[in-house]
Novice: 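My questions all concern the structure below.
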Amino acid sequence: MPEHSPAESALTVRYLGGPTALLEIGGVRLLVDPTFDAPGEHPVGDRALTKTMDAVAGPDDLGPVDAVLLSHDQHPDNLDDGGRAYVERAPLTLSTEAAAERLGGTVRALPNWEQVELPRPGGGALRITGVPAQHGPDGTEHLTGPVTGFVLAGDGLPTTYVSGDNASLDVVREIAGRFAPVDVALLFAGAARTPLLDADLTLGSAAAAEAAEILGARQVVPLHFEGWAHFSQGRDTLAEPFAGFSGGFHLLDPGRRITL
């Protein structure tokens with residue numbers, strides 16, 4: 001069995017704003033949903049999403065990464081122009097089948113419940129499993145498009161759930177049935193809403209707290225709850241639902257990192 005230092009057995013999360021986070025786990029570096037553009041309008045068909053916060057780091061500030069975890073490619077708040085340029089030169093991007101078909105290059109589909117293994121510098125591997133995500137109410141995938149989440153695991157590593165743009169607690173229950181309890185849950189929140197649907201397209205604050213309980217999560221780091229005008233909830237609504245949470249709740253400021 002390979003031996004790993006305590007640092008290699010921890011998870012470090014650096015929150016970069018929106019859905020974007022740099023993860024270091026088991027000596028492997030992963031970037032979640034890269035977004036680097038300046039604030040402004042980002043067209044989506046005949047409408048637009050409005051970015052309200054600047055990126056706190058550019059692509060060249062992050063250092064090398066081993067892979068990108070891309071929840072989906074069809075919405076600019078999860079993959080903007082700068083993110084697309086980043087993916088073009090990334091060594092590997094794991095995402096949906098639709099994203100792999102549209103983006104090509106080193107983008108690889110990771111279907112639900114399938115795994116890939118990335119080698120750890122000290123030996124062994126980080127296992128990445130594709131898990132379901134539902135970007136809105138039941139029956140709306142034809143409008144919102146496919147999305148994926150991820151579970152990270154490995155010998156001596158914290159089991160980590162990256163939700164992607166999921167709005168369904170039933171989906172969370174399905175994932176919990178296979179992986180609970182999880183050590184860390186990175187939950188996309190913000191209760192995103194657009195004129196497309198009169199419904200939450202991502203978890204709201206109370207739903208995120210319920211998701212954490214369903215997962216038996218020991219630590220929670222919210223992502224994707226600010227920086228875009230279509231969030232109906234945000235930083236000011238997240239703390240209260242987690243007041244009774246038995247684990248650690250970490251509401252990071254942009255640019256801040258935490259080791260769990």
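For reference, positions follow the sequence shown, starting with 1.
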Novice: Between atom CG of Leu223 and atom OG1 of Thr20, what is the distance when rounded to the nearest 0.5 Å?
Specialist: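 One gets 8.5 Å once the value is rounded to the nearest 0.5 Å.
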Novice: Determine whether Leu94 and Leu103 fall in the same hydrophobic cluster, where Ile, Leu, Val, Met, Phe, Trp and Tyr are linked whenever their side-chain heavy atoms lie under 4.5 Å apart.
Specialist: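 No, because Leu94 and Leu103 fall into different hydrophobic clusters, even though each may have its own neighbours under 4.5 Å.
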Novice: To the closest 0.5 Å, what do you measure between CG (Leu187) and OG (Ser205)?
Specialist: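 Here the interatomic distance stands at 11.0 Å.
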Novice: How would you list all residue pairs meeting ring-ring contact (aromatic ring centres under 6.0 Å, His included) that involve residues 148-193, not counting sequence neighbours?
Specialist: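 Qualifying pairs, neighbours excluded: Phe188-His224.
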Novice: I need the Leu70 CG to Leu79 CG distance, nearest 0.5 Å.
Specialist: 5.5 Å
Novice: Not counting sequence neighbours, which residues clear side-chain contact (heavy atoms from CB on, under 4.5 Å) with Ala109? List them please.
Specialist: Glu97, Ala100
Novice: Around atom CD of Glu240, are there more than 12 heavy atoms of other residues, nucleotides or ligands at under 6.0 Å?
Specialist: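 Count not over threshold, so no.
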Novice: How close do Ala199 and Pro137 get, counting heavy atoms only, and between which atoms?
Specialist: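 Where Ala199 meets Pro137 most closely, the heavy atoms are CB-CG, 3.4 Å.
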Novice: Of all the heavy-atom pairs spanning Ala212 and Phe242, show the shortest one and how long it is.
Specialist: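 Minimum heavy-atom contact is CB-CE2, 3.9 Å.
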Novice: Would you mind reporting whether Pro146 and Gln74 have side-chain heavy atoms less than 4.5 Å apart?
Specialist: yes
Novice: Taking the side chain as everything from C-beta on, heavy atoms only, tell me whether Val147 gets closer than 4.5 Å to Glu141.
Specialist: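 Heavy-atom side-chain distance check fails, nothing below 4.5 Å.
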Novice: Let me have the donor-acceptor pairs involving side chains of residues 245-257, under 3.5 Å, with sequence neighbours excluded, atom names and distances please.
Specialist:
from: His250; atom 1: NE2; to: Gln219; atom 2: OE1; distance (Å): 2.5
from: Asp253; atom 1: OD1; to: Arg235; atom 2: NH1; distance (Å): 3.2

Novice: Is there a side-chain contact between Leu16 and Val32 (heavy atoms, below 4.5 Å)?
Specialist: no
Novice: Under 3.5 Å, which donor-acceptor pairs link side chains of residues 52-67 to any protein atom two or more places apart or in another chain?
Specialist:
from: Thr52; atom 1: OG1; to: Gly227; atom 2: O; distance (Å): 3.2
from: Asp61; atom 1: OD2; to: Gly58; atom 2: N; distance (Å): 2.8
from: Asp66; atom 1: OD2; to: Arg29; atom 2: N; distance (Å): 2.8

Novice: According to a hydrophobic-cluster definition based on side-chain heavy atoms being under 4.5 Å apart (Ile, Leu, Val, Met, Phe, Trp, Tyr only), do Leu260 and Leu31 belong together?
Specialist: no
Novice: Within the 4.5 Å heavy-atom criterion, are Asp165 and Asn78 side-chain neighbours or not?
Specialist: yes
Novice: Is it possible for you to say whether Val28 and Leu23 belong to one hydrophobic cluster, with membership spreading through side-chain heavy-atom contacts below 4.5 Å?
Specialist: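 Yes; tracing contacts between hydrophobic side chains, which count when under 4.5 Å, links both residues.
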Novice: Applying ring-ring contact (aromatic ring centres under 6.0 Å, His included) as the test, list every pair that has at least one member in residues 31-58; sequence neighbours left out.
Specialist: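 Found Phe36-Tyr86, His42-Trp228.
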Novice: Measure from the side-chain N and O atoms of Thr202 to the backbone N and O of Ala189, and report whether any donor-acceptor pair falls under 3.5 Å.
Specialist: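 At least one qualifying donor-acceptor pair exists.
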Novice: Determine whether Val221 and Tyr15 satisfy the following criterion, side-chain contact (heavy atoms from CB on, under 4.5 Å), listing intermediate values before the conclusion.
Specialist: CA-CA 9 Å; Val221 180; Tyr15 169 51; 5.7 Å; no
Novice: Using the rule side-chain contact (heavy atoms from CB on, under 4.5 Å), only one of Val68, Leu152, Leu22 pairs with Leu30; which is it?
Specialist: Leu152
Novice: Other residues, nucleotides and ligands only: do more than 12 of their heavy atoms fall within 6.0 Å of CZ on Arg47?
Specialist: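 Atom CZ in Arg47 is packed in, count exceeds 12.
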Novice: Could you check Asn166 against Val172 for side-chain contact (heavy atoms from CB on, under 4.5 Å), going step by step and ending with a plain yes or no?
Specialist: CA-CA 9 Å; Asn166 175 58; Val172 175; 3.6 Å; yes
Novice: How long is the span from the CG atom in Leu157 to the CG atom in Leu126, to the nearest 0.5 Å?
Specialist: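 Here the rounded value is 6.5 Å.
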Novice: Does anything in residues 99-142 pair up under ring-ring contact (aromatic ring centres under 6.0 Å, His included), and if so which pairs, sequence neighbours excluded?
Specialist: His72-His135, His75-His135
Novice: If you measure from NE2 on His230 to OG1 on Thr194, what distance do you get to the nearest 0.5 Å?
Specialist: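 His230 atom NE2 to Thr194 atom OG1 measures 7.5 Å (nearest 0.5 Å).
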Novice: Does a salt bridge link Asp170 with Arg173, judged by any charged N lying under 4.0 Å from a carboxylate O?
Specialist: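 Arg173 and Asp170: salt-bridged.
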Novice: I want to check something: taking the side chain as every heavy atom from C-beta on, are Val116 and Arg108 in contact at a cut-off of under 4.5 Å?
Specialist: yes
Novice: Rounded to the nearest 0.5 Å, how far does OG1 of Thr35 lie from CG of Asp77?
Specialist: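 Rounded to the nearest 0.5 Å, the CG-OG1 separation comes out at 8.5 Å.
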Novice: May I ask you to decide if Ala90's main-chain N or O and Thr106's side chain share a donor-acceptor pair within less than 3.5 Å?
Specialist: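 Checking the backbone N and O of Ala90 against the side chain of Thr106, a donor-acceptor pair under 3.5 Å is found.
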Novice: Is any side-chain heavy atom of Phe225 less than 4.5 Å from a side-chain heavy atom of Leu238?
Specialist: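 Yes, at least one pair of side-chain atoms sits under 4.5 Å.
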Novice: Do Val182 and Val151 have side chains that approach each other closer than 4.5 Å (heavy atoms only, starting at C-beta)?
Specialist: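 The answer is no, as the side chains (C-beta and beyond) never meet within the 4.5 Å cut-off.
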Novice: For Ser168 versus Leu203, what's the shortest heavy-atom pair and its separation?
Specialist: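 Answer, listing the atom of Ser168 first, then Leu203: N-CD2, 4.4 Å.
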Novice: When you measure from the side chain of Thr140 to the backbone of Leu143, do you find a donor-acceptor pair of N or O atoms at a distance under 3.5 Å?
Specialist: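 No; zero donor-acceptor contacts below 3.5 Å.
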Novice: Which heavy atom in Pro76 sits nearest to a heavy atom in Pro43, and how many Å separate them?
Specialist: CG-O, 4.1 Å
Novice: Is there a donor-acceptor pair closer than 3.5 Å between any side-chain N or O of Asp80 and the backbone N or O of Gly83?
Specialist: yes
Novice: Taking all heavy atoms of Val171 and all of Pro132, pick out the closest pair and write down the distance.
Specialist: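 Taking every non-hydrogen atom into account, CG1-O, 3.4 Å.
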Novice: What pair of heavy atoms forms the shortest contact from Thr93 to Val87, and how long is it?
Specialist: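 Shortest heavy-atom contact: OG1-CG1, 3.6 Å.
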Novice: Is it the case that the side chain of Thr160 and the backbone of Ala185 share a donor-acceptor pair, with hydrogens and angles ignored and the cut-off at 3.5 Å?
Specialist: no
Novice: Does a side chain donor of either Asp33 or Ser71 reach within less than 3.5 Å of an acceptor in the other side chain?
Specialist: yes
Novice: When you group the ILVMFWY residues by side-chain heavy-atom contacts below 4.5 Å and let the links chain together, are Ile258 and Ile25 in the same group?
Specialist: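 Yes, Ile25 and Ile258 fall within the same hydrophobic cluster.
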